[in-house]
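Below you'll find the structure, written out as structure tokens, and then a few comments.
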Amino acid sequence: MNDGEGSAGVLAIVDGASSDKAAWRLDVRGTVQGVGFRPFVYRVATELGLNGSVRNAGGHVLIEAAGDRAALTELARRLAADAPPLAHVREVVVAELAAIPPSVAFRIERSDHIAAVSNEVPPDIAVCADCLAELHDPADRRYRYPFINCTNCGPRATIIDELPYDRSRTAMRGFPMCPECRSEYEDPTNRRFHAEPIACPVCGPALSWSGGRLGGDAHGERALAVAEAALRHGGLIALKGLGGYQLVCDATRDEVVRRLRELKHRAVKPLAVMVADLDAAGEIAVLGVAERSLLASAGAPIVLAPSRADSRLAVAINPGTARVGVFLPNTPLHHLLMNDLARPMVVTSGNLADEPMSIDDDEARLVLADVVDGFLTHDRPIRSRYDDSVVHVVDGDSTMIRRARGYAPAPHALPVATSVPLLAVGAELKHTFALAADARAVVSPHIGDLENAEAYAAFTTSVRRLSALVGITPQVVVHDYHPSYLSTQYARGWDASKRMEVQHHHAHVAATAAEFGVDRPFIGVAYDGLGMGDDGTLWGGEVLVADLQRYRRIGRFSMAPLPGGAVAVKRPVRMALAYLLGGETFEPASARHGSAELWQAAREVLARVDEREFAVVGKLIAARLNCPAASSAGRLFDAVASLLGLRDENTFEGEAAIALEEAAASSGECGELPWTLRKVDDLWVYDVRPTLAAVVDSVRGDVAAGVTAARFQATIVAVTAAFCDTARTATGIDEVCLGGGVFQNRKVADDVMATLRSEGFTVHLGRRIPVNDGGVSFGQAAIAAARTARR
Ligand SMILES: [Zn+2]
Ligand SMILES: [Zn+2]
Ligand SMILES: [Zn+2]
């Protein structure tokens, strides 16, 4: 209400004699609403003896304060320096007021603060240090209360029914506050002032246990004790977590971990392990400063890191790999469990095979009752499904692999605002979608692989829900070229005039560009598994000159057939045969000269491969039957991993590529393998023949697989630098955006970035947006926004 220019709030006039006194208006911008900022300002201002007020206004916080200049200066400093953990102060604009408000105690004004927060759904936040201290304090009324929270922590996105965010529109609606909670909720000096999910043992949600097939029920603290006893004795339980049901068991007992793998039909993909604290995390994983700070952050993600050889973890946690996903408790319930049990626990999504995890109590029971030893659950409903997020550190910085709990659906800025509300439906694997309006895009949490009816249902439900929540009613749908993606099929249900197609790899590099606010032309390097190209072939090793509207393909990797299509994606050994025996790589020239020799080499190097698979692949390639051609970087990594004897099969996406990366990590720098770039039909093509010939030679010559793997990765880095040099020479552009799942390879990403920087390029890698297909929806949204923008 007060703009400082003589409106009603300003009464007293500055006394000329006391120029050490002043009145300031401080406009605080950044993430300052819904994060306990006003109580914080109240405390600091009161402490400094200032009078005045604080209120929310249109997304920022406005403070008017009067008192000693020194105190005002200190207030301005502390606004940024001591801000609450979840606040991010971008700037504080200070204006001197001509008049000083009357000397009344500092107060928080009752602004309609929530309504001003423009439809932002805040992410869930890991339990804070203050709440933890209370959780473990026997004298506190919330001692061991599994749903303790405050304005600095607790559930948000997973409990919201609709916005504005306040208790009556959340899953807490069914829990009327007791008088004590209400007085905290209404007290501006209290840490729980307007903490919407505020609760205590008197008025809040409570735990319950039901013994599944073993029978036996319990409630409250007793429920927790029974669940813990089951876990201590090697049991497997279903736990109602923040964003869905989870499966939990002792991570040091091989037997129960194997049982868990069997029922999830998950052979070897590493299982995430939760530990009580950073010290315990350090006992199972090798952690740097960046990893530690991520583990302890408000998002509390699963952090991928090298596993320690001397850890207590069961072998079945991460068989055949030297990395482990570790995370810290994010809810008070997880804290209690981890502290009481004092051992690493598997905490993984509560689903069988690949369908989305259950969030509904009845559904969870239906799916899991026969396979777990009991359910530790509670009566606070879960409104939206949020898996645990996964990150790792690349080039010293946090990089998102799976963006869900703790991060989504916080909005991302778009470099170019869209003139029409959009729905970008993403791709297929690691699926997400994005909603965009104006210069803001909201990316959904990770949904899973959009390959079955359950995932499709979760996707369509989530579109409706998130669209209603954030108030974006899309008028245009944006989708991939690939006709068989379920996301594309969903989009085709829209009127043709409201659809827009975006090429897969353009979306990948645009996602990175948009994250970094790049709306100029850039060089886009997309190294990926597979995506539909604009020429009807599958792409995946692409160099584009692009902006947010268009692209021109200027380079690619060699093409190879995918013998059996999707089967080849699951069978790296088929790709090894395909690169050696078929496709562009060895014809037309070498098909005449070298095929017999290559066949011989392949037989020798891949002697372990079944005779029949050899014959089938040979026939498919010769007949060009079910052999789509692909210029994929991901498939090349698969082929090399198989040639080196590291993996012949992908039981999960990226398995062979990870094996290659890990093998390489055991070797130092050992130079490149041979490679060439040559011009084919106006495109620069990385001709993989000399590289693969050298890989075959190294296997025949008994060179350690790790050495060749390291040399192969160095080759990819050198090829990338050559591509970018070529592109810069042709266009004068020296800004590079990297995208695609191959850049989840830390060594390749680190070295590509370092090499390009040393050659004078500005390089960006997706950080908050995953470089894998989880980032495609954001890229589609950024492109569609730029194309529809009014200029
Ligand atoms: Zn808290
Ligand atoms: Zn209460
Ligand atoms: Zn992709």
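Read the numbers this way: they start at 1 and go in the same order the structure lists the ligands and their atoms.
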Worksheet item: SG (Cys150) to the Zn ion (ligand 1) to SG (Cys153): angle, nearest 10 degrees?
Response: 120°
Item to complete: Please state whether the rings of Tyr485 and His482 are parallel, tilted or perpendicular, taking 30° and 60° as the class boundaries.
Response: parallel
Worksheet item: Is there side-chain contact between Phe37 and Leu79, with at least one heavy-atom pair below 4.5 Å?
Response: yes
Discussion item. Any salt bridge linking Arg173 with Asp161? Criterion: basic side-chain nitrogen under 4.0 Å from a carboxylate oxygen.
Written reply: yes
Worksheet item: So what does the Cys178 SG - the Zn ion (ligand 2) - Cys200 SG angle come to, to 10°?
Response: 100°
Worksheet item: the Zn ion (ligand 3) is nearest to which N, O or S atom of His504?
Response: NE2
Worksheet, complete the sentence: Here the vertex angle at the Zn ion (ligand 3) for OD2 of Asp528 and OD1 of Asp773, given to 10°, is 160°
Fill in: Geometric class of the His194/Tyr185 ring pair [parallel <30°, tilted 30-60°, perpendicular >60°]
tilted
Practice prompt. Check whether any N, O or S atom of His505, backbone or side chain, sits closer than 2.8 Å to the Zn ion (ligand 3).
Written response: no
Fill in: Criterion side chain to side chain contact (heavy atoms under 4.5 Å, CB included) against Phe743, the qualifying member of Val525, Thr399, Thr512
Val525
Item to complete: If you have a sec, read the angle at the Zn ion (ligand 1) from Cys128 atom SG over to Cys131 atom SG, to 10 degrees.
Response: 110°
